[in-house]
Amino acid sequence: MAGSSNSAPVSSIHTSSETGRLLPSATKCNSKEIDLDVSLPSPYSKSYLFELVITDKTHYRRFLYISLTLAFVVLALGLVPHFLPQNNRHHGHSKNLTLALNQAITFFDAQKSGSYPTNSPISFRGSSGLQDGNSSNIHADLVGGFYDSGNNIKFTFPAAYTITLLSWSVVEYHRKYADIGELEHIKDVIKWGSDYLLKVGSAGNDTKNQVPNDINCWQRPEDMRYKRPVSVCNETASDLAGEIVAALSAASIVFKQENEYSQRLIKKAEQIYEITAKEDRIHRAITYTTIDACGGEARKFYRSSGYKDELVWAATWLFFATGNHAFLDYATTNFAAAADDETTTDKGIFYWNNKLAANAVLFTRLRFFRDLGFPYEKALGLSTNMTDQLMCSYLSKQNFNRTPGGLILLSPGTGGPLQFAATASFLSKLYIDYLTLLRRSSWNYTNDGFSLEMLQSFSTSQINYILGDNPRKMSYMVGFGDHYPTHVHHRSASIPWDGQYHSCAEGDRWLHSQDRNPNILLGAMVAGPDQFDDFSDEREKTWFTEPSIAGNAGLVAALIAHHDPPRSSASNGPNLGLDIVGIFEKVHLDS
C-alpha cells in the first residue's frame, strides 16, 4: 500500500526457489521522517520515583504471582492459533465447501444424456436420447453427452468449454479432489463429456450441435418421442472446433495415467486442430461469426463473437498436452491478435464465449514456473500484464459495478451474473496461489498496490455470496443450506418421476405450476439475482432460475480452488494443494 510520503518507492528483488527467476518485489517501501523525543532512563525504580511504599510483602507476592499467571494465559491464548496447522484454517469460509463441491458436481449427473448409469446418485433420471444422431439428418452416433440446461438440447460449444474448465480444475487441484473423495466423481463427469466430444468430431471431421425441437415442449428427456435434428458445422467453424480441441487436450492431461485413452484424446485433438488451423490460415482476413454460419437453432442460444481466442486456447492446451512447441508458437504469435479481437463487453470475462483472460493466466503460469525464454518473452510478458490488470479490475470498482450485496457485475447486460462471478473467483484464487508459491504478498499495477489479502477477500466473497451470504440469505445453489430456489427452470426436476409417460401437453401444467419442483436438482447453480440483489423464484423466469452446465463448471472450479488443501507435512513451501509441475510434464526447453 502506498504511504503519504512523496519519496520514491524502493524496489528490491528476491529469488523463488521454485523457479530460480529474479522477480521484482511487490513491496512498496516509503520513507517517513519521525520526530522522537528520546531521553535516558532513570537510574531509580518506579517505586522510588513515585514514592511507592510496600507495606505487606505477602499480598505483594500474591499480586505478582496472579499478574504473571494471567499474563502467561493471555499470551498462550494469543499464540495458539499461530501453531495450528495451516490446513485447519478456513480463510474466511464458514461454508461446508466439501458438501458444496459434492453437490455442484452431482448436478452434472442430472444432466447426462444416453444410457444412464445405474449407480447415479440422481433418482429421477433414466436413459434418454438413445437414438440421437441415427434418427437425424446425418446418421451418426451422437448418444451421450450432457443436456445444456433446463432444456433437452445438447450444445457442443458450451459442453466443450465445460469439459475444458473442469479438466483445468483437476490438473491444478487434483490433490484436493482426491483428499475429499471427489476425484473419481469429477473424472467420471469429464470422461462422460470427452467420450461424447470424440463422437462429435469423428464423422467426416465435422462438428455437430444436437438441436431438437423441444423449445416449446416441456417434457422429461426420457419421454422424448419427437425428431431430434442435428446441426452440422465443417472446418470453418473455428471457434467451435477450437473449443473441442482445448477440451480433448485438457482432458488428456487428466487421464494421463490411462495412456491409451489419453493418447486417443490427443490424436483426435490434433486431427481437428490441423484442419481448423489450415482453414484459419486461408481465411485469416475474414471475420465472421462462425456459429451463425452453421449453428442453425443453436445461434439463438450461443452466438459466438469470434474465433481467434478459441484457436489460441486450443493451441495452448495442445502444447501442454503434447509438449510440441509448434502449438505454443501459434498460441503466442496470435495472442495479441486475439486480444485485439476481444469485444468491449467481453473484456475481463471468462466464460464459454471468451477464453482470453483464462489464456493470459495460463501463459502467466508458464512464465512464472517454466519460463522458456526466447522467443516467447513478449507474449508471456503481455499475458502477465494482462493478468495483473485483470486482477486489479476485480478490485477497482471503476471497472465493474457491484450489487448492493457485493456481487460483481461483469456482464450486467446479459443476465445470469453468477456464472461470471464464479469464474472470476476461480481465476483470482488461482492467481493468489501462484503468487503465494512465489512468496509474493502483492503485485503492482499502476499505483494501486493491491495486496493478495484484498484479492483473497474479493475471491472468497463471490463464492460466499453464491452460497448464501447475500441480502436475501438465499443459497443460489440448489440443495445447499436451508433456503434455496425451489422452482428451478428444469424439465426433469419439475415433472414427477412417477413411472408414467407425460406428453408435451401434460408437461405444460408443470411448467406453469406454482408448486415446488417435486425433484431437487441438487447442486444446480441458478442464473442468479438482478443488479439490485432481487431474485424471483419462478420457473418461467429463466433469467433468474435456469441453471447450465457452463455455469456449474465455473462454480466447481471456484469451489475446489477455495477448498482447504490436504493435510501435509512434507512440503517445503506453502501447502496449497496445487500441482505446480504436473501440467509441465511434457514441456521441455529443447522440444
Side-chain angles (χ1 to χ4, degrees), residues 90-104 107 165 169 348-351 357 390-391 393-397 399-432 450 452-486 488 521-537 541 543-548 550-564:
H90 293 278
H91 308 289
H93 280 295
S94 58
K95 310 296 182 184
N96 184 342
L97 296 191
T98 301
L99 176 62
L101 190 59
N102 169 266
Q103 293 178 342
F107 168 71
L165 181 50
S169 76
I349 307 174
F350 174 37
Y351 71 124
L390 175 69
M391 299 303 150
S393 73
Y394 292 155
L395 299 180
S396 174
K397 296 181 181 179
N399 296 82
F400 300 110
N401 292 325
R402 285 171 171 73
T403 67
L407 179 68
I408 192 169
L409 298 172
L410 292 165
S411 184
T414 59
L418 298 185
Q419 63 172 319
F420 309 119
T423 53
S425 179
F426 168 64
L427 291 182
S428 54
K429 182 58 172 70
L430 193 59
Y431 196 52
I432 289 168
F450 293 121
L452 290 195
E453 287 77 9
M454 296 167 66
L455 191 59
Q456 176 74 59
S457 178
F458 159 77
S459 188
T460 302
S461 71
Q462 301 307 296
I463 287 300
N464 285 342
Y465 184 103
I466 294 171
L467 297 181
D469 287 355
N470 54 66
R472 296 183 64 88
K473 305 301 180 185
M474 170 179 278
S475 166
Y476 289 112
M477 189 179 77
V478 177
F480 188 80
D482 299 324
H483 184 39
Y484 51 83
T486 57
V488 181
L521 191 62
L522 197 66
M525 183 181 75
V526 296
D530 63 17
Q531 59 184 329
F532 304 108
D533 296 305
D534 293 327
F535 178 81
S536 181
D537 189 9
K541 294 184 176 180
W543 55 95
F544 285 121
T545 60
E546 187 169 27
S548 70
N552 254 66
L555 176 63
V556 168
L559 287 173
I560 193 63
H562 284 85
H563 198 285
D564 285 340

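Here the CD1-CG distance, from Ile463 to Leu555, works out to 5.5 Å after rounding to the nearest 0.5 Å. Between the NE2 atom of His562 and the CD1 atom of Ile432 there is a distance of 6.5 Å, given to the nearest 0.5 Å. Taken to the nearest 0.5 Å, the OG atom of Ser461 stands 11.5 Å off from the CG atom of Asn470. The line from CD of Gln456 to NZ of Lys429 is 5.5 Å long, rounded to the nearest 0.5 Å.
For the pair Tyr431 and Leu390, the minimum side-chain heavy-atom distance is 4.5 Å or more. Within the 4.5 Å cutoff, the side chain of Val478 has no heavy atoms near those of the Leu522 side chain. Phe458 is listed as a side-chain neighbour of Gln462, based on a closest heavy-atom distance under 4.5 Å. Leu467 places a side-chain heavy atom less than 4.5 Å from the side chain of Leu559.
Across every non-hydrogen atom of Phe535 and Phe544, the tightest pair is CE1-O, 3.1 Å. Taking all atoms of both residues into account, the shortest heavy-atom contact from His483 to Lys473 is CD2-O, 3.4 Å. Ala524 and Phe107 make their closest contact through CB-CD1, 3.4 Å (heavy atoms, listed as atom of the first residue, atom of the second, distance). Contact detail for Phe480 and Ala100: the closest heavy-atom pair is CE1-CB, 3.6 Å. In this structure, Asp537 and Thr486 approach most closely via the heavy-atom pair OD2-N, 2.9 Å. The two residues Leu99 and Asn96 make their nearest non-hydrogen contact at N-OD1, 3.1 Å.
Residues satisfying the ring-ring contact (aromatic ring centres under 6.0 Å, His included) criterion with Phe400, sequence neighbours excluded, are absent altogether. Listed by chain and residue number, Tyr177 satisfy the side-chain hydrogen bond (donor to acceptor under 3.5 Å, both in side chains) test with Ser169 (two or more places apart in sequence, or in another chain). For Tyr465, there are no ring-ring contact (aromatic ring centres under 6.0 Å, His included) partners at least two apart in sequence or on another chain. Partners of Ser457 under the side-chain contact (heavy atoms from CB on, under 4.5 Å) rule, at least two apart in sequence or in another chain, do not exist in this structure.
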Report, one line per pair, each donor and acceptor closer than 3.5 Å where one atom sits in a side chain of residues 525-532; sequence neighbours left out.
unit_1: Asp530; atom_1: OD1; unit_2: Phe532; atom_2: N; d: 2.8
unit_1: Asp530; atom_1: OD1; unit_2: Asp533; atom_2: N; d: 3.2
unit_1: Asp530; atom_1: OD1; unit_2: Asp534; atom_2: N; d: 2.9

Report all side-chain donor-acceptor pairs from residues 407-425 shorter than 3.5 Å, counting only partners two or more places apart or in another chain.
unit_1: Ser411; atom_1: OG; unit_2: Thr414; atom_2: OG1; d: 2.8
unit_1: Thr414; atom_1: OG1; unit_2: Ser411; atom_2: O; d: 3.0
unit_1: Thr423; atom_1: OG1; unit_2: Phe350; atom_2: O; d: 2.8
unit_1: Thr423; atom_1: OG1; unit_2: Gln419; atom_2: O; d: 3.4
unit_1: Thr423; atom_1: OG1; unit_2: Phe420; atom_2: O; d: 3.0
unit_1: Ser425; atom_1: OG; unit_2: Ser459; atom_2: O; d: 2.9
unit_1: Ser425; atom_1: OG; unit_2: Ser459; atom_2: OG; d: 3.3

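The backbone N or O of Ala104 sits less than 3.5 Å from a side-chain atom of Asn552, completing a donor-acceptor pair.
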